[in-house]
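What follows is a short report on a single structure.
Heavy atoms only: backbone and side chains are in, while hydrogens, waters and symmetry mates are out.
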Amino acid sequence: MTFNINNTFSENLPSDVVLENTRRQVEQACFSYVNPKLAQNPELIHSSVDLAKNLGLTAQDLKSNDFLQIMSGNSVYPNTKPYAMNYGGHQFGNWAGQLGDGRAINLFEIQQNNKQWALQLKGAGETPYSRQGDGLAVLRSSIRECLCSEAMHHLGVPTTRALALLTTGEKVLRDVMYDGNSAYEKGAIVCRVSPTFIRFGNFEIFAARQDLKTLTQLTDYTINQFFPHLGKPSKETYIKFFDEVCQRTLEMIIHWQRVGFVHGVMNTDNMSILGLTIDYGPYGWLEGFDYGWTPNTTDAQHKRYRFGNQPNIGLWNLYQLANALYALVEDATPFETALETYKNNFDKQSLEMMRSKLGLQFKEDSDLQLIHELEETLLLSETDMTLFFRLLSKFSVDNPKRGFELIKPAFYSEISNEIKEKWLLWFDKYALRLKKETLSSTERSKKMNAVNPKYVLRNYMAQLAIDKAEEGDYSLVEELFELLKKPYDEQPENEKWFAKRPEWARHKIGCSMLSCSS
């Protein structure tokens, strides 16, 4: 097993001068060298063959003892030095100071097929940034991250990925719901893969400390390595850089809204500078269409990170990044322009996204009203988002009244006559609008099914896999992994997963609300 090592981050940026692995404030350094904790009895329980190929690995490599030892942190790859990144962040709207990789350790970077990849272990032990934590992760959250990051990739959503999932052979103490009921759970590690794990918070920490030297080094490195098309670093380039980060962040969030994904904890330290979905903690998928839903127990009261607020939080987080980069430009106007463009582009791109979900190719002034009326009608009763839009692809303009019967499986309860009438009225308007299109019903259905997934990783599905895994049976992890590799395909053999959340899962821990506990 051979990696083409190309450690750009650790070789181009300043490191922590203190080498002891003690919790502390790390000044004027982008990272601290630290080795993973040795795992007692590691066992590989899942790996991604298609991702491995992108990294130059074979299926045989994934079965090797060398792979197991490196992915568990028990062995350090030759000529590499693992490290944890230094960053800060705003958490739930408040500046939290230094945060950093508290339970993530970067192994190394590789270059393969002209692409750069960073490999990182989540749950491999404490670092100088662990604060009161132990740096470990449990099987429960590790399965959720592994399955969801790969599912998001196959949905076409920009995301970090998961190469491997391992158990460590150790028990980890966790309080799942932060209610004083701690219990020991199986320890686990996920190997995460991304071009880089740099976040908004990496820039914020140095700006907050007025450390312009390190902030400049980090920004120049990021542009040279990941945004080289913008040109040589300069004040003008910093502005272009921020503008593109705005665009990428918006694109990511539009995808989230399209598939009904709720991140749950959009703190600035959980925002990738590349516009990738990162840090899968208390995330969730919409069951009933609801702009006010959040999967995060910590956010249950104020619902800052609710589904409908994700675009606004993206803007708020970008404002914090702008504040950090302002020190390098000293002119607020271009940042304000970029943020205003984000707001305008969200309205445009959101409308285009909804047109695609409804199978509308052409633009009509009345489309916005049609979409608003649809959303208002969806909110009248608990209506499963994934089922609704997938079933809608079978709608026929020749028989609009059949539309209501078509979407009936998406309702979680009986629908009153009053609400039914509103649905029938909307379907009449939808049919009239579709008659202005030139696509045949078959062509329209195909296009709609390409953007409206049939299968997503509902929380109850992940919880079923977790329950089995806790008993040592990882078959459902593999089954869901294979299912979610083709989320837009019909997969008639997997029809059982094209269903509403079962009632037993409505309030079950892990199936509805989740905490940030790992």
(request) Verify ring pair (Phe, Tyr, Trp, His ring centres under 6.0 Å) between H46 and F481, making sure each step is shown before the conclusion. (result) CA-CA 9 Å; H46 172 77; F481 179 74; 4.3 Å; yes
(request) For the residue pair D101 and Y87, confirm or rule out a side-chain donor-acceptor distance under 3.5 Å. (result) yes
(message) Taking the side chain as everything from C-beta on, heavy atoms only, tell me whether R192 gets closer than 4.5 Å to L163.
(response) no
(request) Answer with yes or no whether the side chains of R458 and Q463 bring together a donor and an acceptor at under 3.5 Å. (result) no
(request) Using a 4.5 Å cut-off on heavy atoms from C-beta on, say whether the side chain of M252 contacts that of Q247. (result) no
(message) Both conditions, 6.0 Å and 45 degrees, for the charged tip of R304 above the ring of W316: are they met here?
(response) yes
(message) As a quick check of understanding, evaluate side-chain hydrogen bond (donor to acceptor under 3.5 Å, both in side chains) for D243 and Y238, giving each step before the final call.
(response) CA-CA 9 Å; D243 189 56; Y238 298 149; over 6 Å; no
(request) Using a 4.5 Å cut-off on heavy atoms from C-beta on, say whether the side chain of L55 contacts that of V193. (result) yes
(request) I would like to know whether R144 and N459 meet side-chain hydrogen bond (donor to acceptor under 3.5 Å, both in side chains); could you show each step before the answer? (result) CA-CA 9 Å; R144 284 173 50 81; N459 278 342; 3.0 Å; yes
(message) Check the orientation of F92 and Y305. Use parallel for under 30°, tilted for 30 to 60°, and perpendicular for over 60°.
(response) tilted
(message) According to ring-ring contact (aromatic ring centres under 6.0 Å, His included), who are the partners of F307, at least two apart in sequence or on a separate chain?
(response) Y291
(request) Taking atom types as modelled, find out whether E204 and H90 have a side-chain donor-acceptor pair closer than 3.5 angstrom. (result) yes
(request) Establish, for the pair K454 and F498, whether the NZ or CZ atom is under 6.0 angstrom from the six-membered ring centre and no further than 45 degrees off its axis. (result) yes
(message) Checking Q112 against N4: is there a side-chain donor and acceptor pair closer than 3.5 Å?
(response) no
(message) Counting only heavy atoms not in N65 (residues, nucleotides, ligands), do more than 12 fall under 6.0 Å from its CG?
(response) yes
(request) Kindly indicate whether the side chain of W293, heavy atoms from C-beta on, has any atom under 4.5 Å from the side chain of L286. (result) yes
(request) Could you tell me whether E493 atom CD has more than 12 heavy atoms of other residues or ligands within 6.0 Å of it? (result) yes
(message) Any heavy-atom pair between the side chains of L51 and N54 that's under 4.5 Å?
(response) yes
(request) Go through the steps for Y129 and S32 under the test side-chain hydrogen bond (donor to acceptor under 3.5 Å, both in side chains), then give the verdict. (result) CA-CA 9 Å; Y129 310 99; S32 304; 2.7 Å; yes
(request) Could you note down all residue pairs passing salt bridge (charged side-chain N to carboxylate O under 4.0 Å, His left out) where residues 33-61 supplies at least one of them, sequence neighbours left out? (result) K37-E170, D50-R161
(request) For Y342, check side chain to side chain donor-acceptor pair (under 3.5 Å) against everything at least two apart and list the hits. (result) none
(message) Over 60° means perpendicular and under 30° means parallel, so tell me whether F108 and F3 are parallel, tilted or perpendicular.
(response) tilted
(message) For Y319, I'd like to know if atom OH has over 12 heavy atoms of other residues, nucleotides or ligands within 6.0 Å.
(response) no
(message) I want to check something: taking the side chain as every heavy atom from C-beta on, are S272 and F197 in contact at a cut-off of under 4.5 Å?
(response) no
(message) Is there a side-chain contact between N270 and H263 in this structure, where contact means two heavy atoms from C-beta onward sitting under 4.5 Å apart?
(response) yes
(message) Is the ring pair Y283/Y280 parallel, tilted or perpendicular, if the boundaries are 30 and 60 degrees?
(response) perpendicular
(request) Applying side-chain hydrogen bond (donor to acceptor under 3.5 Å, both in side chains), run through R23 and Q132 and close with a yes or a no. (result) CA-CA 9 Å; R23 286 82 183 282; Q132 289 78 40; over 6 Å; no
(message) Pairing donors with acceptors under 3.5 angstrom, does anything connect the side chains of S234 and T237?
(response) yes
(message) Does the plane of the ring in Y460 sit parallel, tilted or perpendicular to the ring in W497? Use 30° and 60° as the thresholds.
(response) tilted
(message) Side chains of D66 and S64 only: does a donor on one sit below 3.5 Å from an acceptor on the other?
(response) no
(message) If you define the side chain from C-beta out and look only at heavy atoms, does anything of Q217 sit under 4.5 Å from L215?
(response) no
